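See below for the structure under consideration.
Positions are given from 1 along the sequence. These numbers come from a predicted model, not from an experiment.
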Amino acid sequence: MNLSTLRLLSDVARLGSFAAVARERDVDPSAISRAVAAAEDELALRLFQRTTRRVALTEAGAAYLARIEPLIEELEQARQEATDLAARPMGTIRLTASIAFTQVCLVPLLPAFRDAFPDLALDLIASDGQLDLVENGIDLAIRLGPPPETDVTATRLRATRYRVCVSPSYQQDPATRLNHPSDLTRRRCLRQSLPEYQSRWMFRDGAGQETEVPVTGDLRVSNAIALRDCAEMGLGPALLVDWLTADAFAQGRLIDPFPGHTAYASSADTGIWLIYSSRRYLPLKTRVTLDFLKAHLPSRLGPATAS
């Protein structure tokens, strides 16, 4: 049985659906079904139980997959090591990041990425969910927040800082002007649709004194870019990350009413992380993409705002 068939069996077990594997490989589901049936005939084993909703491993299938998956990784590693000695980066790299980060920081880099790696296809997955790298077949992820705690390799690209952002008109209005973080308790705040952003914002002054401020508001927004736009329109104060608001601050569309404070939602130690599954051998396509992002993302992010 060839390596491609073994990988297909592993993918079916991982995704639990012929249709899901077909979507990932951009083929007809019937082709996946036929390939699995052929493999079962060759082995004289029923590897999967089929229902109308899901495909699940049989006991024999689970035992078989448990033995072959380490072999698949070894064979794939051997192939990649041999190929990398002479070949240019090829294949498909699956990269995921949040929707806002993808739009603001990654999309502008795509022309340079295509020019640098003409034989490498990019599957860019914009999602605000924390997608599992192994389950979703993801090579690289960009995560925002505290240091990742999962079993992955993580490199911090740079630290981040959050600031309360308001429009100049909002701050100039005596009825809404903010003089101290505690004033936020009496304002209709713009809140991101993440649990840690919705009920309290944290502040640290120049002396290191921390203050927790309860926040409420009548507008929650799931997309950070839309939340920034709402703040620019004067709808209220929002807690936003520096790389998303740098242009708005430079052009005077947003201002920070508390320049002497560091603001954050759940942790002051936040950053932009490049993460990938821990492996003994990193494929060439992943290595070159990782190096490309390290080299080019800083120009999109700008320097970390000083605390």
- Query: Under 3.5 Å, is there a donor-acceptor pair between the side chain of T185 and the main chain of S182?
  - Reply: yes
Applying side-chain contact (heavy atoms from CB on, under 4.5 Å) to A56 and not counting sequence neighbours gives none
- Message: In the structure I gave you, are the side-chain heavy atoms of Q171 and L178 within less than 4.5 Å of one another anywhere?
- Response: yes
So the ring-ring contact (aromatic ring centres under 6.0 Å, His included) pairs with at least one residue in residues 200-239 (sequence neighbours excluded) are F203-F258
Here the pair of heavy atoms bringing C230 nearest to L219 is SG-CD2, 4.1 Å
| Just by distance, with hydrogens left out, do T96 and S127 show a side-chain donor and acceptor under 3.5 Å apart? | no
### Message
Is any side-chain heavy atom of L290 closer than 4.5 Å to one of L282?
### Response
yes
For W243, the ring pair (Phe, Tyr, Trp, His ring centres under 6.0 Å) test, sequence neighbours excluded, returns F101
D41 meets the side chain to side chain donor-acceptor pair (under 3.5 Å) criterion, sequence neighbours left out, with none
With side-chain hydrogen bond (donor to acceptor under 3.5 Å, both in side chains) as the criterion, how do E232 and Y170 come out once you've worked through the C-alpha distance, each side chain's angles and the decisive distance to 0.1 Å? CA-CA 9 Å; E232 288 184 18; Y170 187 94; over 6 Å; no
Review point. Do D139 and L95 come within less than 4.5 Å of each other through their side chains, counting heavy atoms only?
Key: no
Quick note, salt bridge (Lys or Arg N to Asp or Glu O under 4.0 Å) partners involving residues 55-70, not counting sequence neighbours, are none
Hits for side-chain contact (heavy atoms from CB on, under 4.5 Å) against D119, two or more places apart or cross-chain, chain-then-number order -> R88, M90
Without placing hydrogens or testing angles, list every side-chain donor-acceptor pair under 3.5 Å for residues 103-112, not counting sequence neighbours.
none

Worksheet item: Between L144 and T160, is any pair of side-chain heavy atoms under 4.5 Å apart?
Response: no
Tell me whether R156 at atom CZ has more than 12 heavy atoms from other residues, nucleotides or ligands lying less than 6.0 Å away. yes
Note: with side-chain heavy atoms under 4.5 Å as the link, the other cluster members for V134 come out as none
Of D123, I125, I93, the one forming a side-chain contact (heavy atoms from CB on, under 4.5 Å) with I138 is I125
Review point. Between D242 and R158, is there a salt bridge with N-O shorter than 4.0 Å?
Key: yes
I'd like to check L227 versus N223 (side-chain heavy atoms, cut-off strictly below 4.5 Å). Are they in contact? no
In this structure, CE of M202 is separated from CZ of R204 (nearest 0.5 Å) by 8.5 Å
The remaining residues in the hydrophobic cluster of F249, counting side-chain heavy-atom contacts under 4.5 Å among Ile, Leu, Val, Met, Phe, Trp and Tyr, are L254
Output for pair (L122 CG, R114 CZ), nearest 0.5 Å, gives 9.5 Å
Do V221 and L190 come close enough that some side-chain heavy atom pair is under 4.5 Å?
-> no
Those residues at least two apart in sequence (or on a different chain) that pass ring pair (Phe, Tyr, Trp, His ring centres under 6.0 Å) with F113 are F117, F292
Fill in: R143 versus Q130, side-chain donor and acceptor atoms under 3.5 Å
yes
D183/R177 salt bridge by N-O under 4.0 Å criterion
no
Sequence neighbours excluded, the answer for side-chain contact (heavy atoms from CB on, under 4.5 Å) partners of R50 is F18, V36, E40, R46, F48, V55
### Message
More than 12 heavy atoms of other residues, nucleotides or ligands under 6.0 Å from CZ of R220: yes or no?
### Response
no
So do L274 and K294 actually touch side chain to side chain, heavy atoms under 4.5 Å?
yes
Those residues at least two apart in sequence (or on a different chain) that pass salt bridge (charged side-chain N to carboxylate O under 4.0 Å, His left out) with R7 are E76
Side chain to side chain, T153 and I275, heavy atoms closer than 4.5 Å
no
